[in-house]
2 protein chains.
Amino acid sequence: MAHGSGSGVSLADVAKLAGVSAQTVSRVANCSDAVRPETRKRVLAAMGELGYRPSFAARSLRAGCYQSVGLAMSGDIASTGRRLQLEGVAAAAAQRGYAMTLIQLADDEATLGEASSRMSGLPVDGQILYLGSSTDDFATFEPPSMLPTVIISTRHHPRCATVSNDQTGCSVSIVDYFIKKGHREIRFVGGRRDSYSNISRQKGWEQALRTRGLRVVEPMHGDWTADSGYELGMRLVQDRECTAVYASNDAIAVGVIYALRDAGLRVPEDVSVIGADDSLVGVIPHLDLTSYRFNDEQVGSIAFDLATNPPEGKEPPHILVPGMIVERKTVAQAPQR
Amino acid sequence: MAHGSGSGVSLADVAKLAGVSAQTVSRVANCSDAVRPETRKRVLAAMGELGYRPSFAARSLRAGCYQSVGLAMSGDIASTGRRLQLEGVAAAAAQRGYAMTLIQLADDEATLGEASSRMSGLPVDGQILYLGSSTDDFATFEPPSMLPTVIISTRHHPRCATVSNDQTGCSVSIVDYFIKKGHREIRFVGGRRDSYSNISRQKGWEQALRTRGLRVVEPMHGDWTADSGYELGMRLVQDRECTAVYASNDAIAVGVIYALRDAGLRVPEDVSVIGADDSLVGVIPHLDLTSYRFNDEQVGSIAFDLATNPPEGKEPPHILVPGMIVERKTVAQAPQR
DNA sequence: CTGAGGAATGTTAACGTAAACATTCCTCAG
DNA sequence: CTGAGGAATGTTTACGTTAACATTCCTCAG
C-alpha cells in the first residue's frame, strides 16, 4: 500500500461511505457552514473510519500556491547564529500559518545556483538562501524569475533581496561604547582571517576608529577558539597602551580575559573586553561577559516576509538588522593614566 | 501575478512556444533520452524563456508521494542536542534525495496530537515528532493510520516507533569508566529535577551503582548553568570520600571543576569530573573536559529511515543510540587513600 | 519498390480538490 | 394551493503532470 499523497483515501471514498457527494465532504473538510449538522456528523464519522487526510498535492494544485517557504542552508545548521536565524524563519512561518521546507547542501555543492535549482522543484512559494557569504557564484547568480528569492548575506546583491545581521554596525556600536567609557586604544582580536563575518567585523572596527580619529593597530588573528584567544591575549599583554579589546567572538574574548588575568592584569579594571554573538551565557562560572547580541530572530522573520511578500520596486532591498550590546561585567571606564 | 505552483508556466505553455506536445516537454524535463537533440534544444530554450518550473503539486499528485519527510519540533530548535538531531534528519534526507518539511510548535500547543494533525495537511510521506518527552498526550497519542510516524523520545510508545539517545546507557558507560579508573565513590550532580533527560541520566547512574554494589549518595540539583554547578561543587567539597563526579551537563561540570579548584582540590588528581553532551569544545581556555558525546546524527538518520521505510512487524521498534566517552583531561585514576 | 521495425512524437486519461454553477427540497407568504 | 426564495446538496470542470497507448516518420533489408 503506497503511503503518501492524501493517504490513499480521497474525498470520493469518504463520500461513498457517507452516502453524499465529494463536494459535501470537501465542504466539511473546509469547515464550510453550508452543511446540515447531521450530514456533517455522518461525513466526519466516515472520515475517521477511513483515516482521511487531505491531499496537499491536490489542494495546492488547485490553489496555485503552497503556503510554504523554502530555506536552503549549507553545511552546519547548528553553528552559532545560523541556527537562530533558522529558528527565526521557522517562527515567522509558524506564526503566519506557513510551513517551511528545509534543504541542506553539502559544502561542495553549496552555490546559490545549485540551491535555487534544487528548490525549484519543491513546494515553496518563495525561497531563502542561506549559504556562506563566500559562495563562488554570489555575483553571477540570477534568481529564477517566478520564485521570490531572498539571500541571507551581508553582501549586497544586484538582483535579489538580501538580509543579514549588521556586522559592521556591531563593530561601530562596540567602538562607540568603548569610547563612551573613555577608551581610546581599542584593539581587535580576530577569528579566522578568511571568514566573511570576521572580515566584516574587522572592517567595521577599522572604519569606526578612523572616523573617530583613533589609532588603528594591526589586529591579530586566531581560529575562533578560546585557546587561540589565550595565546593572542598573552601577546596583547605587551601592548601597554591598550585598555579595550574587541574580540571577534565570545570564545576568543574568554581566552583573552584568561590570559590577561594570568598576566596579572585585572579585567575590567585595567583592560575591558567585549565579545560578539553572546553565545556563552551560563556556561562559565563567574564570568559575566559583555557581548554583542545579534537579532537573529528578526533577520529570519524579515527574510520570511521578503520571500513571501516580495516588494514591488526595481531595486532589491538590502537590509541590515542591528543587534545590541549586552552589558555585563567585563567592560569598565578606562583607567586613568 | 500569482506566484506559486509551477510558477504559473505549465508544460502546455512551453509546448506551445516550442511547437511540440506537452508530453515531449515532460520528457525533456525528466531527462528521458527519447527526444531528438534538436527538439530538446528547442524545448530547453522555450523553458528558459518562459521561466518554467515544474509543479511540485501536479507531480506529487500524479506520483502519489512527496519524497519529503516532516519534522515537528517544539520551542527551541537551537538548544544543545536538539539542533544536532535536526541536522541528522536533514543530512539523511539530503543524502537520500528527500526534502524536509519543518514545523515549529509553540510551547503551549506542543502535543503529539496537535503536531500530527498539523502535519497531516503537509506534503510529507512520513513524520518525525520531536517534542519534549513530557508532552501531556504521550501515552494516549494515536498515530494516523496512513502516515508512518516516529517519535524522538527516550520513552517507549505502544503504537509508534521511537528513537533517541541512550541516556541510561550514557550513565552506565560513565560509571563503568570511573570504575575502570579505580573510583568507587561516584556522585551525580543533576540539572533541573523535572527535566526528562536529567531524570534518565540520574536513573541510569543510580541503577549502575546499585548493580555494581557501590554506594548511592543522594544527588544535588542545579539549573543547568555553570554558576549553579559552582555552588553545588562548593557543597561537594565537604564530601571527603568522593573522588568522581558525573555532572548532568557540561556547564555544570565546569562549575564543579572551578569550585573544586577554588577549594584547593586538584582536578583530576584529587577528583575526576565528567560532563555530558560534549557541548563546550574550544570555548574555555585550557579546559579539556572529558565528556560523553551522543550520536545525534545517527538518531536523526534512524528517525528518517523509520519514517520513510516503516518496518512491517507488529511491535514498533524502540531504538536507543549509544554515544561515547570523549577522553580528555578531567578524569584520572582514583587517588590512593 | 515494399514494408517491417524502431525512433520520435502526439493523444488520452487519471491523480484529488474546490470553485462555479445546477439541482433538489423545504418553508412560508399570499 | 401556488410558487418565490433560500438552504442543502450534487455535477461539472480545471489545475499540471506523466503513464500508457497511439500515431507518424524514417531507415534499411529484401
Side-chain angles (χ1 to χ4, degrees), chain A residues 1-44 46-47 50-67 120-123 125 146, chain B residues 1-44 46-47 50-67 120-123 125 146:
Chain A
M1 160 115 25
H3 12 272
S5 229
S7 76
V9 179
S10 71
L11 288 182
D13 301 324
V14 177
K16 202 188 306 179
L17 180 60
V20 296
S21 76
Q23 183 60 213
T24 299
V25 182
S26 168
R27 281 189 263 256
V28 172
N30 293 282
C31 303
S32 155
D33 50 358
V35 180
R36 249 188 324 163
E38 180 202 311
T39 311
R40 180 194 310 282
K41 219 170 81 183
R42 211 152 25 108
V43 170
L44 287 173
M47 280 181 170
L50 297 177
Y52 170 76
R53 214 160 61 84
S55 158
F56 175 89
R59 280 190 161 170
S60 20
L61 178 59
R62 192 128 219 311
C65 70
Y66 298 107
Q67 291 283 304
S120 75
L122 295 177
D125 299 325
M146 298 303 297
Chain B
M1 160 118 25
H3 13 269
S5 229
S7 75
V9 179
S10 72
L11 286 184
D13 301 326
V14 176
K16 202 190 306 177
L17 179 60
V20 297
S21 75
Q23 182 61 215
T24 299
V25 181
S26 167
R27 280 190 263 257
V28 172
N30 291 283
C31 303
S32 154
D33 50 358
V35 180
R36 246 187 328 161
E38 182 202 311
T39 310
R40 179 192 311 279
K41 220 170 81 183
R42 212 151 26 111
V43 170
L44 287 173
M47 280 180 169
L50 296 177
Y52 170 77
R53 214 159 61 83
S55 157
F56 176 89
R59 279 188 163 170
S60 20
L61 178 57
R62 189 119 225 315
C65 70
Y66 298 107
Q67 291 283 305
S120 75
L122 294 179
D125 299 324
M146 297 304 296

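Because only heavy atoms are used, hydrogens play no part in the values below, and waters and symmetry mates are left out as well, while side chains stay in. Order of the sequence lines fixes the chain letters, A, B, ..., with proteins taken first and strands second; residue numbering starts at 1 for each chain. In this text the structure is predicted, and so the values were computed from the model without any measurement.
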Would you kindly give the [atom1]-to-[atom2] distance between [X] and [N], to the nearest whole Å?
{"X": "B:R36", "N": "D:dT27", "atom1": "CZ", "atom2": "P", "answer": "11 Å"}
{"X": "B:R27", "N": "C:dT9", "atom1": "CZ", "atom2": "P", "answer": "8 Å"}
{"X": "A:L61", "N": "D:dG16", "atom1": "CG", "atom2": "C1'", "answer": "6 Å"}
{"X": "A:R62", "N": "D:dT13", "atom1": "CZ", "atom2": "C1'", "answer": "8 Å"}
{"X": "A:E38", "N": "D:dA7", "atom1": "CD", "atom2": "P", "answer": "18 Å"}
{"X": "A:L11", "N": "D:dT12", "atom1": "CG", "atom2": "P", "answer": "17 Å"}
{"X": "B:D33", "N": "C:dA7", "atom1": "CG", "atom2": "C1'", "answer": "11 Å"}
{"X": "A:Y66", "N": "C:dT17", "atom1": "OH", "atom2": "P", "answer": "16 Å"}

Paired with [N] by Watson-Crick or G-U wobble geometry, both distances under 3.5 Å: which nucleotide is it?
{"N": "C:dC26", "value": "D:dG5"}
{"N": "C:dC21", "value": "D:dG10"}
{"N": "C:dA14", "value": "D:dT17"}

Any non-hydrogen side-chain atom of [X] less than 4.5 Å from a side-chain atom of [Y]?
{"X": "A:V9", "Y": "A:R53", "value": "no"}
{"X": "A:V25", "Y": "A:M47", "value": "yes"}
{"X": "B:V35", "Y": "B:R42", "value": "no"}

- Do B:R53 and D:dG16 have a side chain to base donor-acceptor pair shorter than 3.5 Å?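 Answer is no: no donor-acceptor pair is held.
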- Task: Taking all non-hydrogen atoms of both residues into account, name the closest pair between A:T24 and A:T39 and its distance.
- Result: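 That would be CG2-CG2, 4.1 Å.
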Return no unless some side-chain N or O of [X] is found under 4.0 Å from OP1 or OP2 of [N].
{"X": "A:S26", "N": "C:dG16", "result": "no"}
{"X": "A:T24", "N": "D:dG10", "result": "yes"}
{"X": "B:T39", "N": "C:dT9", "result": "yes"}

Of the listed nucleotides [options], the one nearest the side chain of [X]:
{"X": "A:Q23", "options": "C:dT9, D:dT17, C:dA20", "value": "C:dA20"}
{"X": "B:S55", "options": "C:dT17, D:dG16, C:dA20", "value": "D:dG16"}
{"X": "A:S10", "options": "C:dG16, C:dG10, C:dT9", "value": "C:dG16"}

- Task: Apply the test side chain to side chain contact (heavy atoms under 4.5 Å, CB included) to residues B:Q23 and B:L11: give CA-CA distance (whole Å), side-chain angles for both, the deciding distance (0.1 Å), then the verdict.
- Result: CA-CA 8 Å; B:Q23 182 61 215; B:L11 286 184; over 6 Å; no
